[in-house]
Amino acid sequence: MHRVVITDCLEPPALIEEGNLSGLAQVDCLMAKSSEVLHGQLVDADAIILYHEVDLTDTLLRGLKQCKIIVRGGVGYDNVDVKIAGELGIPVCNVPDYGVDEVADHTIGLMLGCLRGFTLAERRFRQATTLTPWDRHDVGKVSRTGDRTLGIIGCGRIGSATALRAKALKMRVMIYDPYLRPGMEKVCGGERVDLGYLLKESDVVSMHTPLTEETRHLMDAQALSQMKPTAYLINTSRGAVVDTSALAEALRERRIAGAGIDVLPHEPPSLEDPLIQLWQADHDPPINLTITPHTAYYSEAALLEIREKSSAEVARMLRGEAPWNVVNGEWLKQV
Ligand code: NAD
């Protein structure tokens with residue numbers, strides 16, 4: 001009988017996983033809150049499913065004696081050293097498609113919150129001692145959504161699902177993605193442009209890249225300075241794709257109109273984080289900044305789908321079949 005370890009997030013009994021792995025493996029949920037507590041606990045694991053509360057570091061990976069597959073229950077796999085895993089002969093897989101619609105919906109929600117100004121009004125009226133004037137003055141200056149341009153940076157699964165939703169809102173959609181196959185932008189009704197043009201022309205810039213060395217701080221002070229003062233930044237991808245200190249400064253100095261943020265470089269964030277401080281403080285006039293606690297992926301159906309698909313991937317590997325979503329193929333050695 002194999003041993004499958006679920007490192008974090010899930011409490012036992014893991015009924016979905018046990019169902020998919022029935023007759024193949026026993027399932028242990030470690031419920032780790034940090035990587036440190038995993039030392040010594042993964043040595044005899046035949047497969048690992050991990051979520052977002054732990055990192056599989058070089059040291060942890062080198063301590064694995066018989067691991068045949070690592071599955072990240074989610075899309076982003078920046079918390080696994082995929083190169084080292086590959087060199088050790090361990091395929092790393094993700095679940096690329098479980099929450100595409102949820103994240104695209106959330107992105108559009110954050111965008112409309114910014115464009116329609118309703119979070120501003122909601123915040124003021126909730127705290128107010130008087131509800132007058134009960135009119136449009138608390139929502140800021142609002143333009144017609146369909147007259148606006150959305151600039152999508154990274155047009156993969158979520159970027160293109162977001163583009164299609166924006167087209168339904170009658171927006172113009174521009175796309176920057178150097179790796180997109182020619183013509184794919186047409187599938188979602190977008191125009192392909194370079195990054196500088198997208199930043200200058202967009203009313204909303206939305207981030208949808210993975211976190212890589214190339215995309216870390218892609219939206220830095222210099223990139224933010226190219227945006228219109230009336231434009232909004234949305235980030236539902238990975239926190240470190242945006243330099244959040246530079247974003248806080250741009251918002252405080254009103255160099256852009258606002259932001260909708262679901263992901264931060266460190267989660268949970270510290271109260272000293274400059275963006276969190278800006279968000280929690282009162283400003284006059286208020287700053288149009290909405291922050292959600294990394295919930296873009298979430299729906300009950302999406303949660304079930306991740307668990308179903310991550311354990312099905314492990315089961316395939318343990319039955320001797322090829323896994324479907326290997327992300328470290330370029331480093332994977334046959335051992
Ligand atoms: P994907 O791999 O399908 O698409 C990413 C796109 O980014 C690709 O088309 C790629 O060519 C492009 N890209 C890569 N480097 C780029 C660069 N330097 N400049 C511009 N484009 C670049 O990924 P996806 O499934 O659409 O996920 C997008 C992001 O959303 C990831 O960061 C993922 O981790 C994140 N995500 C967040 C949540 C959440 O709850 N907030 C949930 C799921 C996924």
Side-chain angles (χ1 to χ4, degrees), residues 9 50-53 55 72-80 82 92-111 151-166 173-188 190 192-199 202 205-220 223 233-242 244 259-269 290-303 305-306 309-310 325-329:
C9 289
L50 83 157
Y51 288 90
H52 55 267
E53 296 197 290
D55 292 340
R72 160 75 175 100
V75 179
Y77 45 86
D78 40 277
N79 56 341
V80 183
V82 291
V92 178
C93 304
N94 67 350
V95 182
D97 55 339
Y98 76 94
V100 171
D101 287 326
E102 282 80 358
V103 183
D105 290 348
H106 201 90
T107 304
I108 295 291
L110 288 171
M111 178 187 80
I152 293 199
I153 299 184
C155 193
R157 291 171 289 256
I158 295 169
S160 48
T162 302
L164 287 170
R165 284 158 171 75
V173 173
M174 294 193 302
I175 289 163
Y176 168 70
D177 185 333
Y179 306 107
L180 198 65
R181 277 190 294 140
M184 289 306 285
E185 70 281 4
K186 293 191 173 173
V187 176
C188 52
R192 201 158 180 164
V193 296
D194 66 36
L195 181 58
Y197 186 80
L198 180 146
L199 293 173
S202 296
V205 173
S206 191
M207 310 303 297
H208 299 287
T209 67
L211 176 62
T212 63
E213 282 320 305
E214 195 186 21
T215 62
R216 186 177 297 277
H217 286 195
L218 183 62
M219 284 307 292
D220 59 5
L233 177 71
I234 309 295
N235 187 14
T236 57
S237 64
R238 279 291 178 267
V241 164
V242 175
T244 46
I261 301 291
D262 182 56
V263 283
L264 291 161
H266 303 287
E267 295 173 357
T290 302
I291 298 182
T292 53
H294 201 146
T295 51
Y297 71 95
Y298 171 66
S299 73
E300 288 295 312
L303 279 191
E305 195 174 339
I306 304 181
K309 289 186 169 169
S310 51
N325 297 304
V326 176
V327 296
N328 63 339

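Order of appearance sets the numbers: ligands from 1, and atoms from 1 within every ligand.
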**OP:** Report the C-alpha distance between Y297 and L303 in whole Å, list the side-chain angles of each, state the deciding distance to 0.1 Å, and finish with yes or no for side-chain contact (heavy atoms from CB on, under 4.5 Å).
**Re:** CA-CA 8 Å; Y297 71 95; L303 279 191; 3.8 Å; yes

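- The two residues I158 and V100 come nearest to each other via the heavy atoms CG1-CA, 4.1 Å.
- Counting heavy atoms from C-beta outward, C188 and I175 have side chains that approach closer than 4.5 Å.
- Contact between Y298 and ligand 1 is absent, with no heavy atom of the residue lying under 4.0 Å from the ligand.
- Between T215 and ligand 1, not a single N/O pair is under 3.5 Å apart.
- Nearest non-hydrogen protein atom to atom 11 (O) of ligand 1 is D177 OD1, 2.8 Å.
- Taking every non-hydrogen atom of V103 and a distance limit under 4.0 Å, the qualifying atoms of ligand 1 come out as 38 (C), 42 (C), 43 (C).
- Across I158, L211, V100, T209, heavy-atom proximity to atom 32 (O) of ligand 1 is greatest for T209.
- Here the heavy atom of the protein found nearest to atom 20 (C) of ligand 1 is P178 CD, 3.3 Å.
- One option in R157, H294, R72 has a heavy atom closer to atom 3 (O) of ligand 1 than any other, and that option is R157.
- Close approach of ligand 1 to C155 is summarised as follows: ligand atoms under 4.0 Å from at least one heavy atom of the residue are 9 (O).
- Near Y98, meaning under 4.0 Å from one of its heavy atoms, ligand 1 places the atoms 42 (C), 43 (C).
- Listed by number with element, the atoms of ligand 1 under 4.0 angstrom from any heavy atom of G76 are 34 (O).
- Close contacts between ligand 1 and D262 involve ligand atoms 39 (C), 40 (O), 41 (N) [criterion: under 4.0 Å to a heavy atom].
- Residue-ligand proximity, V263 to ligand 1, at heavy-atom distances under 4.0 Å covers atoms 41 (N).
- Only the backbone of H208 comes within contact range of ligand 1, with a heavy atom under 4.0 Å; no side-chain atom does.
- Atom CG of N235 and atom OG1 of T209 lie 8.0 Å apart (nearest 0.5 Å).
- Note on D78 versus R72: no salt bridge recorded, every NZ/NE/NH1/NH2 to OD/OE distance being 4.0 Å or above.
- Atom OH of Y77 is surrounded by 12 or fewer heavy atoms from other residues, nucleotides or ligands within 6.0 Å.
- Shown in contact with Y297 at under 4.0 Å from a heavy atom are these atoms of ligand 1, numbered in order with element: 39 (C), 40 (O), 42 (C).
- When hydrogens are left out, the protein atom nearest atom 35 (C) of ligand 1 is S237 O, 3.5 Å; that is the closest non-hydrogen contact.
- Contact between G99 and ligand 1 is absent, with no heavy atom of the residue lying under 4.0 Å from the ligand.
- Without hydrogens or angle criteria, T215 side chain to L218 main chain gives no donor-acceptor distance under 3.5 Å.
- With atom 4 (O) of ligand 1 as the reference point, the heavy atom nearest to it among G156, G74, A104 is part of G156.
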